[in-house]
Amino acid sequence: MTTFRRLLGFLRPHRRELWGSLAFAWAAMGMTVLIPWLIGEAVNAIEQGSEEEMLPYVLMILGAAVLRLGLTIVRRIVAGKVSLAVEFDLREKIYGHLQRLELGFFDTQQTGQLMSRATVDLGAIRFFLGYGLIFFSQSLLTVVLAGTVMFFLNPWLALIALLPAPLVVLTAIRYSKQSRPAMQEVQQRIAELTAEAEENVTGIRVVKAFAQEDYQFVRFQAAVSRLFDQSIKSTRIQAFFSPLIGALPQIGTALVLLLGGISVINGNMNIGEFTAFYTYMILLASPLRMVGMALGMAQRAVAAGNRLFEILDRDPEIVSPENASPLPDGAGSVSLKSVSLRYSADTPEALSTIDLEVDAGTRLGIVGPSGSGKTSLVSLIARLYDPSEGSVSIDGADLRSIDVTTLRSQTAYVSEDSFLFGDTVANNIAYARADASEEEVRTAARRAQADQFIKELANGYETVVGERGLTLSGGQRQRVAIARALLADPRILILDDATSSLDATTEREIRSGLAEVMEGRTTFVIGHRLSTISLADEIVLMEAGRIVDRGSHSDLLSRSPLYGSLITDDRETEPVFIDEEVEVLR
Ligand code: ADP
Ligand code: MG
């Protein structure tokens, strides 16, 4: 199926409105074509000096103009609705599809590019489907009908008058193809400039601290001149094409005046006919231009469609199989069998033949140098990625065979850098469980040691945080994220460097909460502080994508120099912490 036909498919749900607006457009066009003929008849009546004959034509012209006005207004409303409805459908389709795509897809995409597809390309398609098609059919019909009337009035003159018409259409196509992209480039430059300015303001501390004001200014100037150059380019295109398209039909008009004028003088044509003809010439200039512009729009829409369909045609890789059963009941035992993971064909394995059995309720610590595969390993447990080889199962069920949603509802993942949405603290905590009561939210926050500072915020739990609100400190964000995970009450809890941005005091405070929270769940704790790792029953040591050792903290400490070098003993700096405390917590 060609891209063009697929695009037309988006109009199918709105075909009634589409046909409606086409009908209105054609009727309005009928009025447009009728008026010059009426003018010609009126002029003939003037010529004959008959007021009674002239008057009805004046009234008819007035009536036709009013009717056209009404039809055009309705047509615009209906067409506008079609255009917006198509945009709505497309947005929903693209956004829904993006959400279903697996994490691996986003690893390979540039955010800016995805966004531009979702906005610029979508705009091109909606503009063509909503307006372009109607303009095209309306303009083409005007040209054909007016042309026919002209041929009917005077075939030779019509032929000569319409000689420049193809030239107008071709020029308009080129104009439409060049000017829009140039204008979009201008928009792009403006976006870059805005980003640059924003960075200067948000990063002002660093700028000042390193005395880089001049450097920043030069960068900003460069962005300004890029915008300037592109704007000039866009202006040039418009400066050249727009008047040219306007001027070309004048050639035809001049020819009509010359040859038609001679015909009238020689008495081969009456003045009314000549006036009608001449008015048709003027009338045709805009539809001819529109035909060309609409063809250009169609070409752009097809190009945009190709890019969008590239995304839409990409099937999500991580999906629940048909008739997938939910995650079976169980306490959360995890098993990895000869698991390897490769993110893409041209990168080395991030995990190599991992075998790992974790009993339900175990608190497993994961320690390893950065890049050794800790995050990759835990990502597999929530099925954020599928292993390239081997299998991962929870409570005896292979993750590929069970429903992804039930799996994810039983796994909670807190990462090193937790994302908060631009929403209230309460909503951020209740993110995975919108039905949670206020009390449940507070309990979760208390266990994550977040309740205290949240209560001290200006609006307490209703304070808006994230991009659109208050900026929390790294440690505060982290505690909100932990509360979010706790509220989900998962069978499996993953803390990926979750406590690394907390200061030692807060970490100590939160630790008793965490110990409580880990009760009865299988927990994976990634971290390098002794106080964090001490919460684990057992520790695996990773190096270069492999598990190289497994044992208790003291075992590993005594036999592995690597392990010893990775763990930071935060007890000396924080004398309050003592071994017995850990024992009590256990
Ligand atoms: P750790 O959490 O132990 O620091 P990771 O699991 O993040 O290690 O990374 C293991 C290896 O996989 C590294 O070499 C890293 O560059 C690579 N890697 C991690 N995530 C991705 C990804 N999304 N795409 C490609 N490579 C990745
Ligand atoms: Mg990591």
Side-chain angles (χ1 to χ4, degrees), residues 98-114 314 316-318 334 336 338-356 358 363-390 392 399 404 408 411-419 474-475 477-478 481-482 485 492-502 507 514 523-530 532-533 535-536 538-550 553 556 560-568:
L98 280 178
Q99 291 279 8
R100 274 193 303 277
L101 285 174
E102 70 285 353
L103 209 53
F105 169 78
F106 294 92
D107 292 344
T108 63
Q109 297 290 316
Q110 277 185 316
T111 315
Q113 213 146 55
L114 273 183
R314 198 182 177 294
E317 273 172 18
I318 296 195
V334 175
L336 282 80
S338 341
V339 164
S340 298
L341 176 67
R342 201 186 279 278
Y343 283 104
S344 60
D346 49 359
T347 53
E349 283 185 337
L351 296 173
S352 316
T353 47
I354 300 261
D355 281 292
L356 180 68
V358 184
R363 291 167 291 193
L364 185 78
I366 305 177
V367 174
S370 95
S372 59
K374 305 180 295 294
T375 300
S376 303
L377 185 107
V378 292
S379 304
L380 294 180
I381 296 166
R383 207 182 166 207
L384 296 176
Y385 295 91
D386 273 334
S388 320
E389 280 160 55
V392 183
L399 297 191
V404 179
R408 302 240 169 100
T411 51
Y413 178 75
V414 183
S415 69
E416 178 181 5
D417 183 34
S418 290
F419 185 80
R477 253 206 333 264
Q478 209 55 11
I482 292 172
I492 292 168
L493 178 65
I494 298 163
L495 303 173
D496 185 354
D497 252 343
T499 53
S500 59
S501 57
L502 302 178
E507 213 232 329
L514 281 180
T523 310
F524 295 82
V525 192
I526 300 175
H528 295 115
R529 287 179 176 178
L530 181 56
T532 305
I533 275 309
L535 290 165
E538 217 184 345
I539 295 154
V540 292
L541 179 62
M542 294 193 68
E543 192 179 8
R546 292 172 191 277
I547 292 179
V548 292
D549 208 342
R550 179 172 182 168
H553 171 66
L556 290 175
S560 167
L562 172 64
Y563 182 77
S565 70
L566 288 170
I567 294 293
T568 42

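Reckoned from all heavy atoms, side chains included, excluding hydrogens, waters and symmetry mates. Just so you know, ligand 1 is whichever comes first in the structure, and atom 1 is the first atom listed for that ligand.
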Between E102 and R314, is a salt bridge (charged side-chain N to carboxylate O under 4.0 Å, His left out) present by the stated rule, with each step listed? CA-CA 11 Å; E102 70 285 353; R314 198 182 177 294; 3.1 Å; yes
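- Summarising the geometry, atom CG belonging to L495 is positioned 12.0 Å from atom CZ belonging to R363; distances are rounded to the nearest 0.5 Å.
- Listed for the E389 side chain is no donor-acceptor partner under 3.5 Å among the backbone atoms of S340.
- The closest donor-acceptor contact from the side chain of R408 to the backbone of A382 lies under 3.5 Å.
- K374 places no side-chain N or O within 3.5 Å of a backbone atom of M542 that could act as its donor or acceptor partner.
- Side-chain atoms of S376 and Y385 include no donor-acceptor pair closer than 3.5 Å.
- For a heavy-atom separation below 4.0 Å, the residues in contact with ligand 1 are D107, Y343, A350, P369, S370, G371, S372, G373, K374, T375, S376, Y385.
- One of the N, O or S atoms belonging to T375 lies under 2.8 Å away from the Mg ion (ligand 2).
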